S.K.: 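Attaching a single structure in structure tokens format; questions to follow.
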Amino acid sequence: MLSLGRIYQIVAGIIKRYFIASYIDFIDHIRGLYFALIFTSICLMLGLSGFILLHAALFLYLPWTNENKIVLMFILGTIYLIVPAIITGLIHSRKRWLKHSGAQKMLEDLSKKEQ
């Protein structure tokens with residue numbers, strides 16, 4: 001027979017799991033909204049592509065051979081693509097969002113209590 005205290009623990013555990021799951025879903029929705037803002041920032045990046053074209057125009061007037069200019073443009077273009085992709089991937093990872101929202105700590109506390 002279940003005691004009143006045990007029933008309270010079971011119900012409290014169920015409610016706590018429900019709210020933790022709801023909180024994590026909320027964080028995922030906020031993350032989605034954040035990505036929508038990221039797509040808005042793509043417009044800014046298109047504007048900054050003019051900055052890259054400035055480099056291209058500069059390279060046209062450098063007194064280097066065409067092979068050296070092409071290699072330099074390839075290296076800078078690669079840097080312009082890879083560095084922001086790495087930074088964006090690190091900033092937008094699910095693990096980081098769970099950590100900063102506090103959901104990771106909730107999950108760890110819940111898993112400790114279940115063991």
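Owing to the predicted nature of the structure, the values given are computational and were not obtained by experimental measurement. Along the sequence shown, residues are numbered consecutively beginning with 1.
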S.K.: Hydrophobic clustering (ILVMFWY, side-chain heavy atoms < 4.5 Å, transitive) - are Leu62 and Leu76 grouped together?
M.R.: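 The answer is yes; both residues are in one hydrophobic cluster.
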S.K.: Taking ring-ring contact (aromatic ring centres under 6.0 Å, His included) as the definition, give me every residue that meets it alongside Tyr34, ordered by chain and number, with sequence neighbours left out.
M.R.: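 Partners of Tyr34 under the ring-ring contact (aromatic ring centres under 6.0 Å, His included) test: His92, Trp97.
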S.K.: Any non-hydrogen side-chain atom of Ile38 less than 4.5 Å from a side-chain atom of Phe35?
M.R.: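 A side-chain contact under 4.5 Å exists here.
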S.K.: Applying salt bridge (Lys or Arg N to Asp or Glu O under 4.0 Å), which residue pairs with at least one partner in residues 49-74 are found, sequence neighbours left out?
M.R.: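 Residue pairs passing salt bridge (Lys or Arg N to Asp or Glu O under 4.0 Å), neighbours aside: none found.
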S.K.: Honestly curious: do Ile70 and Trp64 fall in one hydrophobic cluster under the side-chain, below-4.5 Å linking rule?
M.R.: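 No, Ile70 and Trp64 fall in different hydrophobic clusters.
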S.K.: CG/Asn66 to CE/Met73 distance, rounded to the nearest 0.5 angstrom?
M.R.: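 Those atoms lie 10.5 Å apart.
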S.K.: Answer with yes or no whether the hydrophobic clustering places Ile24 together with Leu33; edges join I, L, V, M, F, W, Y residues whose side-chain heavy atoms lie under 4.5 Å apart.
M.R.: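 Yes; tracing contacts between hydrophobic side chains, which count when under 4.5 Å, links both residues.
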S.K.: If hydrophobic clusters are built from ILVMFWY residues whose side chains come within less than 4.5 Å, do Val11 and Tyr18 share one?
M.R.: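 Yes.
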S.K.: Once rounded to the nearest 0.5 Å, what's the spacing between atom NE2 of His29 and atom OG of Ser22?
M.R.: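 Going from the NE2 atom of His29 to the OG atom of Ser22 covers 9.5 Å.
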S.K.: Following the transitive rule for hydrophobic clusters with a side-chain heavy-atom cut-off under 4.5 Å over Ile, Leu, Val, Met, Phe, Trp and Tyr, establish whether Leu37 and Ile87 coincide in one cluster.
M.R.: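 In one cluster: no.
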S.K.: Who are the side-chain contact (heavy atoms from CB on, under 4.5 Å) partners of Leu90, not counting sequence neighbours?
M.R.: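 With neighbours one apart ignored, the set is Ile86.
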S.K.: Tell me every residue that passes side-chain contact (heavy atoms from CB on, under 4.5 Å) with Lys99, counting only those two or more places apart in sequence or in another chain.
M.R.: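 Partners of Lys99 by the side-chain contact (heavy atoms from CB on, under 4.5 Å) criterion come out as none, since no residue qualifies.
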S.K.: For Leu4, what are the other residues in its hydrophobic cluster, where any two members join if their side-chain heavy atoms are less than 4.5 angstrom apart?
M.R.: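 The other cluster members (ILVMFWY side chains, heavy atoms under 4.5 Å, direct or chained): none.
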S.K.: I'd like to check the side-chain hydrogen bond (donor to acceptor under 3.5 Å, both in side chains) partners of Asp25; sequence neighbours left out, ordered by chain and number.
M.R.: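 Testing Asp25 for side-chain hydrogen bond (donor to acceptor under 3.5 Å, both in side chains), a comparison that skips the adjacent residues, returns none.
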